[in-house]
Amino acid sequence: MSDQGFPRQLRLLNAGDYKHVFDHAPFKVHGKGMLVLARPNALGHPRIGLIFSKKNVRRAVDRNRLKRLVRESIRLQQHRLPPVDIVLLARRGVHELDNESVARQLNGMWRRLEKSARQTRHDTSST
RNA sequence: GGAGUUGGCCAGACAGUCGCCGCCGGUUGAUCCGGGGGAGGAAAGUCCGGGCUCCAUAGGGCAAGGUGCCAGGUAACGCCUGGGCGGCGCAAGCCGACGGCCAGUGCAGCAGAGAGUAGACCGCCUAAGCCGCUUCGGCGGCCGGUAAGGGUGAAAGGGUGCGGUAAGAGCGCACCGCGCGCCUGGUAACAGUGCGUGGCACGGUAAACCCCACCUGGAGCAAGACCAAAUAGGGAUCCUUCGGCGCGGCCCGCGCUGGAUCCGGGUAGGUUGCUCGAGAGGCAUGGCGACGUGCCUCCUAGAUGAAUGACUGUCCUCGACAGAACCCGGCUUAUCGGCCGACUCCCACC
């Protein structure tokens, strides 16, 4: 795996993977227009799945644009993230953000996710 | 030059860096390297028409739905082209569900006297018949006549003129219009300063039921096919009454289930269907045209939690609507601007 690539291993591939995260998600990070759910995995790297529903983002052009921005962000930040399965959900109004602020939002959310994951790991090892 | 009509095309460009998805070649044993490709004119709405797949090879009847001037094009169409008719515009041109209410049934508020085998409210008339009066000229009334005028209405049952009459009236005549028959032109719709005939509505409404002609079987790529953990007991072939199910509104019809013989079935997941096609471009040729035919050349997205992007720089006229999901042909809707061709009207100049 190259340093900055985004191969299939970094994605959630089927309904079972998604269900796994929805059933029990210890980490929740809220951002402007987006919500991240995450659950630790044993793979040694993060994986991500995207849910941009037609209901929340009406135009296909906007859905594609937002997904591409998220993937781009993950691709560049993958080494900072803990080994967790992530599901990113869109909320109403995301399509009004421009590319720059979406990227800024995502960076902030990854930072908070990383922080709470490190906290949890620390807690379990101390008890 | 200005105003307008119409047909077609384009959809920021270039460079660099980091990524994503197919394909080809090498390397391999599943990694790298190189090359090349990667959203639209509407990809959209899913409104029509086809291909493809399964249900029977999609068959018969009824029901239901659609289309609706004519001819042609097409795989097909509710599309396109040409023509006819009607309407709008000075014009180029644009728009039109544009078959049939003398097969039947129905509908028409208000106003108005009367609304479809018409109708006397006002008005006009009083010739003929009867009555009364009379200065013997007539006057009044009754019985009536009348669709020219007023008024109502979206619409009042051909129009104009002359004759005619008591007043009027297609009552008669001329012209116009209309119906019917023939003739001529046209493949046809239809047209005609054509010939004849009829005094003349046959009113409106069929996106009212309906009639006529033509068309339509149902479901859809999550169709369907294949490989196959788990789980449950069944599956294939032959024969066939009844009942049940498939099959979509119904019936006919057809298949499965039932009995006998023989052993494999198929949910999660994966593979496939999946892009070479009513394909694109060029030349020639037939046709007014839509389009057809022949030859040559080219291969031009195939994802499947779903690729086609992000960032930086430069330039300009500072960039709209918007993202393929089986594939085509249309229609409709959204859209910043730019380019090219043809034509019309007006002004100026020659």
Side-chain angles (χ1 to χ4, degrees):
Chain A
M1 189 181 4
S2 74
D3 285 344
Q4 304 281 289
F6 185 62
R8 294 182 73 79
Q9 288 90 329
L10 293 186
R11 307 181 196 177
L12 300 183
L13 291 176
N14 55 48
D17 293 341
Y18 280 83
K19 195 170 182 321
H20 186 72
V21 177
F22 279 118
D23 284 348
H24 179 72
F27 309 123
K28 254 191 203 178
V29 179
H30 295 268
K32 195 176 180 182
M34 287 171 286
L35 168 68
V36 159
L37 300 176
R39 176 174 185 167
N41 64 37
L43 295 166
H45 60 79
R47 294 194 299 176
I48 189 155
L50 309 173
I51 299 179
F52 286 85
S53 70
K54 228 171 192 172
K55 191 178 157 195
N56 290 330
V57 186
R58 282 198 40 230
R59 291 187 306 164
V61 171
D62 288 328
R63 286 198 297 279
N64 281 338
R65 192 188 103 230
L66 291 163
K67 287 185 199 172
R68 282 162 185 159
L69 289 168
V70 174
R71 288 199 205 96
E72 185 73 8
S73 176
I74 283 281
R75 182 173 76 79
L76 298 169
Q77 304 286 326
Q78 54 181 284
H79 300 293
R80 291 179 49 191
L81 289 167
V84 290
D85 288 346
I86 301 166
V87 171
L88 188 139
L89 294 119
R91 295 204 289 210
R92 207 165 298 186
V94 231
H95 64 274
E96 289 165 11
L97 301 172
D98 60 20
N99 289 6
E100 200 186 332
S101 39
V102 169
R104 225 174 19 244
Q105 276 296 315
L106 289 167
N107 276 332
M109 287 164 79
W110 304 144
R111 204 158 45 239
R112 274 177 282 156
L113 177 62
E114 184 211 0
K115 211 163 132 191
S116 53
R118 203 181 326 121
Q119 194 83 42
T120 311
R121 217 163 30 233
H122 183 72
D123 289 352
T124 43
S125 59
S126 61
T127 43

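Keep in mind that what you see is a predicted model, and the values were worked out from it rather than measured.
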Report task. For B:rA303 versus B:rG19, give the span between their P atoms, rounded off to a whole number of Å. Result -> 23 Å
Query raised in the report: Using the C1' atom in both, what is the distance from B:rU152 to B:rG140, to the nearest Å?
Result: 34 Å
Query - Rounded distance in Å - CD (A:E100) to C1' (B:rU312) - result: 13 Å
Report summary line: Across every strand shown, the nucleotide meeting Watson-Crick or G-U wobble geometry with B:rC88 (both distances under 3.5 Å) is B:rG93
Query raised in the report: Taking atom CG of A:L37 and atom NE2 of A:H30, what is their separation to the nearest 0.5 Å?
Result: 8.0 Å
Query raised in the report: If the P atom of B:rA111 is compared with that of B:rA154, how far apart are they to the nearest Å?
Result: 13 Å
Requested in this report: Could you tell me whether B:rG35 is syn or anti, where syn means a glycosidic angle within 90 degrees of zero?
Outcome: anti
Requested in this report: Have a look at A:F52 and tell me which of A:K67, A:H95, A:R65 forms a side chain to side chain contact (heavy atoms under 4.5 Å, CB included) with it.
Outcome: A:K67
Query raised in the report: What is the pairing partner of B:rG309, taking Watson-Crick or G-U wobble pairs with both distances under 3.5 Å in any strand?
Result: B:rC18
Requested in this report: Grab the CZ-C1' distance between A:F52 and B:rG323 for me, whole Å please.
Outcome: 15 Å
Query - Lys/Arg-Asp/Glu bridge criterion (N-O < 4.0 Å) met for A:R68, A:E72 - result: no
Query - Side chain to side chain, A:L106 and A:M34, heavy atoms closer than 4.5 Å - result: yes
Query raised in the report: Using atom P of each nucleotide, how far apart are B:rG194 and B:rG177 to the nearest Å?
Result: 9 Å
Query raised in the report: Using the glycosidic torsion, which applies to B:rG137: syn (within 90° of 0) or anti (everything else)?
Result: syn
Report summary line: Expected label for B:rU146 (glycosidic angle, syn inside 90° of 0, else anti) would be anti
Query raised in the report: Considering only heavy atoms from C-beta outward, does the side chain of A:F27 approach that of A:I86 to under 4.5 Å?
Result: no
Query raised in the report: Can you tell me the Watson-Crick or wobble partner of B:rC130, both distances under 3.5 angstrom?
Result: B:rG141
Query raised in the report: Same cluster for A:L66 and A:V61 if Ile/Leu/Val/Met/Phe/Trp/Tyr side chains link at under 4.5 Å?
Result: no
Query raised in the report: When you compare B:rC102 with B:rG116, how far apart are their C1' atoms, in angstrom units rounded to a whole number?
Result: 15 Å
Requested in this report: Sequence neighbours left out, what passes side chain to side chain donor-acceptor pair (under 3.5 Å) with A:N64? Give chain and number order.
Outcome: none
Requested in this report: Nearest whole angstrom, please: distance from the C1' of B:rC311 to the CG of A:D98.
Outcome: 14 Å
Query raised in the report: Glycosidic conformation of B:rU275, syn or anti, with 90° from 0 as the boundary?
Result: syn
Query raised in the report: Between the base of B:rG305 and the side chain of A:R71, is there a donor-acceptor distance below 3.5 Å?
Result: no
Requested in this report: Please determine, for B:rG157, whether a Watson-Crick or G-U wobble partner exists with both distances under 3.5 Å, and give it or none.
Outcome: none
Query raised in the report: Any side-chain heavy atom of A:I51 within less than 4.5 Å of one from A:N56?
Result: no
Query raised in the report: Is the base of B:rG104 syn or anti, where syn means the angle lies within 90° of 0?
Result: anti
Query raised in the report: How close or far is atom P of B:rC18 from atom CG of A:L76, stated in whole angstroms?
Result: 12 Å
Query - Out of B:rG305, B:rC311, B:rC18, whichever nucleotide has its closest atom nearest the side chain of A:N99 - result: B:rC311
Query raised in the report: For A:R75 and B:rA310, what is the distance between atoms CZ and P respectively, to the nearest whole Å?
Result: 12 Å
Query raised in the report: Say you pick atom P in B:rA325 and the same atom in B:rA42; how far apart are they, in whole Å?
Result: 16 Å
Requested in this report: Taking atom P in both B:rG7 and B:rC80, compute the distance separating them and give it to the nearest angstrom.
Outcome: 12 Å
**Report entry** Point-to-point distance, once rounded to the nearest 0.5 Å, from CZ of A:R75 to CD1 of A:I48
**Finding:** 14.0 Å
Requested in this report: Tell which nucleotide pairs with B:rC195, taking only Watson-Crick or G-U wobble pairs whose two distances are both under 3.5 angstrom.
Outcome: B:rG181
Report task. Please check if the side chain of A:R91 supplies one atom and the backbone of A:L35 the other of a donor-acceptor pair under 3.5 Å. Result -> no
Report task. List in numerical order all residues of residues 58-67 of chain A for which some heavy atom is under 4.0 Å away from an atom belonging to RNA chain B. Result -> A:R59, A:A60, A:V61, A:N64
Report summary line: Across every strand shown, the nucleotide meeting Watson-Crick or G-U wobble geometry with B:rA342 (both distances under 3.5 Å) is B:rU5
Report summary line: A:R68 atom CZ is separated from B:rA322 atom C1', nearest whole Å, by 13 Å
Query raised in the report: Are A:P40 and A:P26 close enough that some pair of their side-chain heavy atoms sits under 4.5 Å apart?
Result: yes
Report summary line: Of A:E72 and A:I51, the one whose nearest nucleotide on RNA chain B sits closer to the 5' end is A:I51
Requested in this report: Find the distance between CG (A:L81) and CG (A:L113) and round it off to the nearest 0.5 Å.
Outcome: 6.5 Å
**Report entry** For atom CD of A:Q77 and atom P of B:rC18, their distance in whole Å
**Finding:** 18 Å
Within the sub-3.5 Å range, which N or O atoms of nucleotides 44-46 of chain B have a protein N or O partner, and how far apart are they?
none

Report task. Find the partner of B:rC245: check Watson-Crick (N1-N3 plus N6-O4 or O6-N4) and G-U wobble (N1-O2, O6-N3) distances, both under 3.5 Å, and reply none if neither fits. Result -> B:rG255
Requested in this report: Please determine, for B:rU285, whether a Watson-Crick or G-U wobble partner exists with both distances under 3.5 Å, and give it or none.
Outcome: B:rG292
**Report entry** P-based separation of B:rG286 from B:rG181 [nearest Å]
**Finding:** 46 Å
